[in-house]
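Report on one structure; see the data block that follows.
Quick caveat, the model's predicted, so the values are computed rather than measured. Below, chain A is the first sequence line, B the second, and so on; all start at residue 1.
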Amino acid sequence: MNVAKGLLGYELSFHGPNGTVGGIITETEAYTQDDPACHAYNGKKTKRNAPMFLSAGHIYIYFIYGMHHCLNIVTEPEGRGAAVLIRDIQPTIGLDIIQTNRPNITKQSEWLNGPSKLMMGLNIPAELNTANALSNDCPLQCRPHKKPPTIQTFPRIGISKATDRLWRFRAPI
DNA sequence: ATTATGATGTACT
DNA sequence: GTACATCATAATG
């Protein structure tokens with residue numbers, strides 16, 4: 001969760017076939033292996049969550065609700081299953097391309113303001129699962145941009161377990 | 001082999 | 001605020 005806070009204000013960029021798109025990370029959620037809401041709870045490794053056990057900086061993308069994908073950054077050393085869910089991004093790079101990827105959404109502020117919305121808006125392919133974002137040839141890059149002056153803390157949402165853990169973090173716009 | 005459920009988004013009332 | 005789309009995965013038989 002220290003990483004979840006640290007990622008706020010970072011600029012995430014994706015170099016796709018149609019150009020480069022990206023934006024500033026403004027909301028994240030932390031998941032660790034001692035957390036009942038985590039896909040890797042108790043260190044149980046499955047086909048789906050295997051990327052979470054790679055070393056920090058790897059990418060974990062999973063499919064949910066039969067139609068959506070969510071993007072996570074792995075946060076702990078190899079062998080421990082933990083990651084940060086990227087929940088909200090403010091678009092800054094390749095706005096015209098992002099608009100094309102979100103044809104029915106008029107407000108720029110709603111292009112990437114959700115874990116699956118940002119996958120659609122940035123058009124990130126599920127094949128990036130298990131890639132290493134720290135490697136220079138990775139199409140997905142994450143670089144420091146602006147450090148947020150304050151960080152707000154909330155309960156996580158969309159889960160049914162461990163909702164008491166205040167592991168959702170937001171940077172004010 | 002079968003079943004329950006989910007780290008959600010969108011449209012509609 | 002409520003309803004529903006839609007299916008891979010993981011747990012269970």
Side-chain angles (χ1 to χ4, degrees), chain A residues 1-10 12 14 21 23-76 80-91 95 97-131 133 140 142 151-171 173:
Chain A
M1 59 195 198
N2 25 18
V3 180
K5 290 185 211 168
L7 278 174
L8 293 174
Y10 270 52
L12 187 86
F14 173 65
V21 291
I24 310 299
I25 298 174
T26 56
E27 185 172 335
T28 58
E29 275 181 7
Y31 290 87
T32 64
Q33 104 174 355
D34 65 347
D35 162 17
C38 180
H39 290 166
Y41 183 42
N42 273 339
K44 281 195 179 66
K45 203 164 169 180
T46 65
K47 183 169 184 179
R48 177 177 66 167
N49 70 20
M52 294 183 84
F53 291 86
L54 298 173
S55 61
H58 284 258
I59 294 170
Y60 170 45
I61 296 173
Y62 64 90
F63 186 55
I64 191 68
Y65 293 124
M67 58 191 99
H68 298 303
H69 292 272
C70 298
L71 173 69
N72 297 251
I73 308 289
V74 176
T75 56
E76 294 200 15
R80 275 197 291 173
V84 167
L85 171 69
I86 311 297
R87 283 199 69 84
D88 193 331
I89 292 180
Q90 295 304 318
L95 301 181
I97 301 173
I98 301 176
Q99 171 71 92
T100 310
N101 296 337
R102 308 278 291 137
N104 294 330
I105 315 295
T106 50
K107 290 184 199 160
Q108 174 174 319
S109 62
E110 294 180 5
W111 287 346
L112 308 175
N113 68 335
S116 294
K117 294 182 182 181
L118 67 92
M119 291 295 286
M120 300 187 254
L122 301 181
N123 202 21
I124 297 170
E127 289 74 35
L128 275 185
N129 194 24
T130 73
L140 193 72
C142 204
I151 294 177
Q152 294 180 291
T153 302
F154 302 91
R156 294 176 297 181
I157 54 179
I159 58 177
S160 57
K161 295 168 234 169
T163 49
D164 56 315
R165 302 197 184 195
L166 301 179
W167 285 0
R168 181 160 63 103
F169 306 105
R170 245 188 96 68
I173 314 277

Fill in: DNA chain B base-pair string [pairs: Watson-Crick or G-U under 3.5 Å; |: paired with another strand]
||||||.|||||.

Practice prompt. Whole angstrom is fine here: how far is it from OH in A/Tyr41 over to P in B/dA7?
Written response: 15 Å

Practice prompt. With the side chain counted from C-beta on, respond yes when A/Leu7 and A/Phe169 share a heavy-atom pair under 4.5 Å apart, and no when they do not.
Written response: no

Practice prompt. Take the protein atom CG of A/Asn49 and the nucleotide atom P of B/dG6, then report the distance between them rounded to whole Å.
Written response: 16 Å

Worksheet item: Using the ring of each side chain (for Trp, its six-membered ring), is A/Tyr60 parallel, tilted or perpendicular to A/His39, with breaks at 30° and 60°?
Response: perpendicular

Worksheet item: Would you say A/Met52 and A/Cys38 make side-chain contact, with heavy atoms under 4.5 Å?
Response: yes

Item to complete: Using a 4.5 Å cut-off on heavy atoms from C-beta on, say whether the side chain of A/Trp167 contacts that of A/Leu85.
Response: no

Discussion item. If the cut-off is 4.0 Å, is A/Arg165 near the phosphate of B/dA7, judged by side-chain N/O to OP1 or OP2?
Written reply: no

Fill in: Near-strand residues of residues 53-65 of chain A, defined as heavy-atom separation under 4.0 angstrom from DNA chain B
A/Tyr62, A/Ile64, A/Tyr65

Discussion item. Using a 4.0 Å heavy-atom cut-off, does A/Met52 contact any base of the nucleic acid, only the sugar-phosphate backbone, or nothing at all?
Written reply: base

Discussion item. Given B/dT8, C/dA10, B/dT10, identify the nucleotide with an atom nearest to the side chain of A/Arg87.
Written reply: B/dT8

Fill in: A/Pro115 side chain, from C-beta outward: closest of C/dA10, C/dA5, B/dG9
B/dG9

Worksheet item: Do the non-hydrogen side-chain atoms of A/Thr32 and A/Glu76 ever get within less than 4.5 Å of each other?
Response: yes

Discussion item. Please pick, from B/dG9, B/dA7, C/dA10, the nucleotide with the shortest atom-to-atom distance to any side-chain atom of A/Lys47.
Written reply: C/dA10

Worksheet item: Nearest-Å distance, NE2 (A/His69) to P (B/dA7)?
Response: 14 Å

Fill in: Nucleotide B/dG9, atom C1' - distance to NZ of A/Lys107 in whole Å
15 Å

Fill in: A/Asn72 side chain, from C-beta outward: closest of C/dA10, B/dT10, B/dA7
B/dA7

Response to the item:
side-chain contact (heavy atoms from CB on, under 4.5 Å) test vs A/Leu118 passes for just one of A/Asn123, A/Leu71, A/Asn113, A/Asp88, namely A/Leu71

Worksheet item: Taking C-beta and beyond as the side chain, do A/Thr28 and A/Leu8 meet within less than 4.5 Å on heavy atoms?
Response: yes

Discussion item. Nearest whole Å is fine: how far is B/dA11 C1' from A/Glu110 CD?
Written reply: 13 Å

Worksheet entry | Under 3.5 Å: donor-acceptor pair, side chain of A/Asn49, backbone of A/Lys44 | yes

Worksheet item: Can you tell me how far P of B/dT8 sits from CD of A/Glu27, to the nearest Å?
Response: 11 Å

Discussion item. Let's see if you get this right: which residues in residues 156-163 of chain A place a heavy atom under 4.0 Å from DNA chain B?
Written reply: A/Gly158, A/Ile159, A/Ser160

Fill in: Separation of atom NE2 in A/His39 from atom P in C/dT9, rounded to whole Å
12 Å

Worksheet item: Nearest of B/dG9, B/dA7, C/dT6 to any side-chain atom of A/Met67?
Response: C/dT6

Practice prompt. Grab the CG-P distance between A/Asn101 and B/dG9 for me, whole Å please.
Written response: 16 Å

Worksheet item: How about A/Arg87 and A/Arg170: do any of their side-chain heavy atoms sit closer than 4.5 Å?
Response: no

Worksheet, complete the sentence: Here the gap from A/Ile89 atom CD1 to A/Trp111 atom CH2, rounded to the nearest 0.5 Å, amounts to 13.5 Å

Fill in: Euclidean distance, A/Glu110 CD relative to A/Arg102 CZ, rounded to 0.5 Å
9.0 Å

Worksheet item: With a 4.5 Å limit on heavy-atom distance, are the side chains of A/Pro115 and A/Ile64 in contact?
Response: no

Worksheet item: Would you call A/Ile105 and A/Met120 a side-chain contact if the rule is heavy atoms closer than 4.5 Å?
Response: no

Response to the item:
Of B/dA7, B/dG9, C/dA10, the nucleotide closest to the side chain of A/Arg48 is C/dA10

Fill in: Touch class at under 4.0 angstrom, heavy-atom based, for A/Arg168 against every strand present
nothing

Discussion item. If you assign each of A/Cys70 and A/Asn104 to its closest nucleotide in DNA chain B, which residue comes earlier from the 5' end?
Written reply: A/Cys70

